[in-house]
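Heads up, the thing below is written out as structure tokens.
Remember, predicted model here, so these are calculated numbers, not experimental data. All chains are named by letter (A, B, ...) in the order of the sequence lines, taking the proteins before the strands, and each is independently numbered beginning at 1.
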Amino acid sequence: MKLATWNVNSLKVRLPQVLEWLGTSGVDVLCLQELKMPHDKFPLAEFEAIGYQACWAGQKTYNGVAVISRDPARSVQINMPGFPDDHQRLIAATLPSPQGDIRVVSVYCPNGQAVDSDKYTYKLAWFAALREWLLTELAAHPRMVVLGDYNVAPADADVHDPAKWEGDILVSPSEREAFEALLSLGFTDAFRHFPQEEKMFSWWDYRRMAFRRNAGLRIDHALVSSALLPFCTACEIDKGPRRNEQPSDHTPVIVTLDLPVEKEA
DNA sequence: ATGGTAGTGCAACTA
């Protein structure tokens with residue numbers, strides 16, 4: 001079972017790339033962020049035409065998240081109860097697997113803009129709420145994967161030029177602590193669970209030829225709960241879509257769970 | 001220190 005996350009930066013613009021990538025990558029579940037479209041403009045028919053279902057939370061211009069899956073999602077929840085938010089940044093869904101249900105969450109964590117801004121305060125509050133919500137969600141659904149754009153590069157190894165970025169938004173100590181606080185619930189950053197090449201990133205600024213220079217950050221992550229970790233066999237970044245014409249500034253991260261069908265006694 | 005690009009939606013905001 002392959003699950004992926006991709007901040008598409010407008011699903012309207014990126015839809016052909018997403019449909020093509022679903023066909024070539026063979027992922028079973030795809031979490032999307034930054035749909036940037038009103039809820040009623042979501043292209044459900046296009047996904048259904050290639051054998052996928054979808055649940056989503058859209059809004060005009062900004063944010064927006066979705067879970068695309070071969071199987072229909074159940075118990076869909078949008079945003080976090082107890083944390084009123086104008087932004088559509090989280091959607092959770094229960095999906096079947098050969099070994100029982102899995103709880104999948106697509107998150108678009110706030111960017112924060114700058115460390116001294118109101119948006120930074122909102123970002124840290126959002127992460128604190130996410131931790132509290134995941135604590136209870138994990139108790140109800142131990143088999144959980146939280147995929148998305150966290151807008152945090154967890155360590156200097158996830159930054160192309162750590163000295164230049166030191167203390168900046170996306171790498172500041174408080175943001176990294178907020179990310180680590182999620183891991184402390186029992187999640188593992190799947191990418192770091194396996195040996196990886198150096199300088200592997202998931203986002204490159206559109207400006208200053210950042211992708212050509214590999215001047216990127218790793219801010220898109222798949223967090224796997226301890227109950228599922230034994231079945232996690234791979235996590236990779238697919239740089240292919242970032243090379244497309246008119247690409248998103250993010251590229252997909254794929255996590256593989258090896259869940260063989262349990263034989264009957 | 002600033003600006004560089006992309007998307008939405010048509011000015012200015014977000015990233």
| Value in whole Å for how far the C1' atom of B:dA6 lies from CZ of A:Arg242 | 10 Å
| Phosphate-side-chain proximity, A:Gln113 and B:dC13, N/O vs OP1/OP2 below 4.0 Å | no
| Spacing between A:Asp205 atom CG and B:dT2 atom C1', to the nearest angstrom | 14 Å
| task | Using ring-ring contact (aromatic ring centres under 6.0 Å, His included) as the criterion, point out the one residue from A:Tyr206, A:Trp204, A:Trp203, A:Phe201 that pairs with A:Phe211. | result | A:Trp204
| note | Testing B:dT14, B:dT5, B:dG4 for proximity to the side chain of A:Lys119, the answer is B:dT14
| Closest to the A:Arg207 side chain: B:dT5, B:dG9, B:dG7? | B:dT5
| request: Determine the Euclidean distance between corresponding C1' atoms of B:dT2 and B:dG7; express it in Å to zero decimal places. | output: 22 Å
| Regarding A:Arg131 and A:Ser184, is there a side-chain donor-to-acceptor distance under 3.5 Å anywhere? | yes
| N or O in side chain of A:Arg14 less than 4.0 angstrom from B:dG7 OP1/OP2 | yes
| message | Rounding to an integer number of Å, can you tell me how far A:Glu34 CD sits from B:dT5 C1'? | response | 14 Å
| request: Rounded to whole angstrom, note down the P distance from B:dA15 over to B:dA1. | output: 24 Å
| message | Pick the closest DNA chain B nucleotide for A:Asn7 and for A:Leu11 by heavy atoms, then say which residue is nearer the 5' end. | response | A:Leu11
| field | Toward the 5' end of DNA chain B, by each residue's nearest nucleotide, A:His87 or A:Val13 | value | A:Val13
| If the P atom of B:dG9 is compared with that of B:dT5, how far apart are they to the nearest Å? | 22 Å
| query | A:Asn9 CG to B:dT5 P: how many Å, rounded? | reply | 15 Å
| Minimum-distance nucleotide to A:Ser10 side chain [options: B:dT8, B:dG9, B:dT14] | B:dT8
| Gap in Å between the two P atoms, one belonging to B:dA6 and one to B:dA11, rounded | 22 Å
| note | note: A:Lys36, atom NZ; B:dT14, atom P; distance rounded to Å ~ 12 Å
| Rounded to whole angstroms, how far apart are CG on A:Asp249 and P on B:dT5? | 14 Å
| message | Between A:Asp189 and A:Arg218, does any NZ, NE, NH1 or NH2 come within less than 4.0 Å of an OD or OE carboxylate oxygen? | response | yes
| task | Consider the side chain of A:Arg89, meaning its heavy atoms from C-beta on, and name the nucleotide among B:dT8, B:dA15, B:dG4 that approaches it most closely. | result | B:dA15
| said: As a test of understanding, state which of A:Trp126, A:Tyr122, A:Tyr108 forms a side-chain hydrogen bond (donor to acceptor under 3.5 Å, both in side chains) with A:His87. | reply: A:Tyr122
| query | Would you call A:Asp156 and A:Arg176 a salt bridge, taking side-chain N to carboxylate O under 4.0 Å as the test? | reply | yes
| Atom C1', compared across B:dG4 and B:dT14: separation rounded to whole Å | 15 Å
| field | Between C1' of B:dA15 and OH of A:Tyr108, the distance in whole Å | value | 6 Å
| Can you check whether A:Arg14 reaches A:Gln246 side chain to side chain, under 4.5 Å on heavy atoms? | yes
| query | How many Å lie between CG on A:Asn63 and C1' on B:dG7, as a whole number? | reply | 13 Å
